[in-house]
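Comments concern the structure below.
Residue numbers begin at 1 in each chain, while the letters A, B, ... track the order of the sequences.
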There are 2 protein chains.
Amino acid sequence: MGVTKSHEFGVKENQLAKYAKALAHPARVAILNLLAKRKACICGDIVDELPLSQSTVSQHLKELKEAGLIKGDIEGAKVCYCIDEKEWKAAQVQLNKFFDNLQSGAKCC
Amino acid sequence: MGVTKSHEFGVKENQLAKYAKALAHPARVAILNLLAKRKACICGDIVDELPLSQSTVSQHLKELKEAGLIKGDIEGAKVCYCIDEKEWKAAQVQLNKFFDNLQSGAKCC
DNA sequence: AAAATTAATCGTAATATCACGATATAATTA
DNA sequence: TAATTATATCGTGATATTACGATTAATTTT
């Protein structure tokens, strides 16, 4: 982002932005859909499902993990990724709270 | 994003990613909070509330407008920004559908 | 009409993101 | 043990984002 001023904003705004950022690319949305529907969770299978290289998928998985939305379990040579249900629900609740804040009534313009 | 492959993904994934991207910066979250709570809607007032320059705020407003979440009404020399309630609710519904897709039950890892 | 206010846009610098191939590392199989 | 398989990481190029000051264009005020 180039010299971002994230630190000038509150914890809540940053937390919400962090979740949103994790969802801000269709590949990551697609990955989360696969995990959510348990159609695939082994890294290699996810790679097979997407039109991206192994290294790119690995990078997206890393971002999702850093946002806290998924976790990776090492199973021998393979890695099984799963949605972190607790964080997942926390993200949903936080996003909903944000959207519910819309105050209807007298329009200002 | 450099040579992004968004087009390789479905309309739904891209739509969701578009909304998420709009929320992916704390400044835009802050702006939406101001609009939602009707604390400010005149561009200049929004600028006064944020630790960013006028041109930067204007750029963020443009992105929110392009995502469809807000609209701007010209009022003489000033511009009043408002949340587009229809699109706002559409975004909330779509995000919720996405989060609700999580299938619980037997863990895969 | 001239000066001031308001907001968008332009140009640009710094940094982040996306994507890939190549390589490294670790586990499995032959 | 050697070869194979699975995944992460490194290095890099292309593009996007964030931020700002300066400028522009349009209104409003003086």
Of the candidate nucleotides C/dC18, C/dA7, D/dT18, which contains the atom at the shortest distance from the side chain of A/R28? C/dC18
Integer-rounded Å distance: D/dA19 C1' and B/L61 CG: 15 Å
A/S55 has a side chain; which of C/dG21, C/dC18, D/dT28 sits nearest to it? C/dG21
Choosing from D/dT9, C/dC18, C/dT9, which nucleotide comes nearest the side chain of B/K62? C/dT9
For B/K78, look at atom NZ and say whether over 12 heavy atoms of other residues, nucleotides or ligands are found less than 6.0 Å away. no
Check the distance between C/dT28's C1' and A/E75's CD and give it to me in whole angstrom. 14 Å
What is the distance from CZ of A/F9 to P of D/dT18, rounded to the nearest Å? 11 Å
Pick base, sugar-phosphate or nothing for B/Q54, based on heavy-atom distances below 4.0 Å to the nucleic acid. base
Whichever of B/G44 and A/I74 has the more 5' nearest nucleotide on DNA chain C, that residue is B/G44
What nucleotide, of D/dT15, C/dC18, C/dT9, holds the atom closest to the side chain of A/H25? C/dC18
Ring centres under 6.0 angstrom apart (B/W88, A/F98): yes
Return the nearest nucleotide to the side chain of B/Y81; candidates are C/dT17, D/dT9, C/dA8. C/dA8
What does A/Q59 touch in the nucleic acid at a heavy-atom separation under 4.0 angstrom: a base, only the sugar-phosphate, or nothing? base
Take atom CD1 of A/I31 and atom C1' of C/dA19, then tell me their distance rounded to the nearest Å. 13 Å
Side chain of B/K21 only, heavy atoms from C-beta on: which candidate in C/dA19, C/dT28, D/dA16 is closest? D/dA16
Indicate the atoms forming the closest heavy-atom contact of B/A90 with B/Y19, along with that distance. CB-OH, 4.2 Å
Can you tell me the distance, in whole Å, between the NZ atom of B/K5 and the C1' atom of D/dT15? 15 Å
Atom NZ of B/K71 and atom C1' of C/dA8: how far apart are they, to the nearest Å? 21 Å
D/dT18 OP1/OP2 closer than 4.0 Å to side-chain N/O of A/T4: no
Over 12 foreign heavy atoms within 6.0 Å of NZ, A/K18: yes
Show, in sequence, the C-alpha distance, side-chain angles and deciding distance for A/S58 and A/S55, and conclude whether the side-chain hydrogen bond (donor to acceptor under 3.5 Å, both in side chains) test is met. CA-CA 5 Å; A/S58 194; A/S55 59; over 6 Å; no
Nearest 0.5 Å, what's the CZ-CG distance between B/R28 and B/N33? 14.0 Å
Counting only side-chain N and O atoms of B/H60, is one of them less than 4.0 Å from OP1 or OP2 of D/dT17? no
Among the candidates C/dC18, D/dT7, C/dA7, find the nucleotide nearest to the side-chain atoms of A/V79. D/dT7
Which listed nucleotide (D/dA6, C/dC20, D/dC20) is nearest to the side chain of A/K78? D/dA6
Is B/S53 close enough to D/dC20 that one of its side-chain N or O atoms is under 4.0 Å from OP1 or OP2 there? yes
In whole Å, what is the span from the CD atom of B/E66 to the C1' atom of C/dT9? 13 Å
Would you mind reading off the distance between A/D45 atom CG and D/dT5 atom P, rounded to a whole angstrom? 15 Å
At 4.0 Å (heavy atoms only), tell me whether B/L52 reaches a base, stays on the sugar-phosphate, or touches nothing. sugar-phosphate
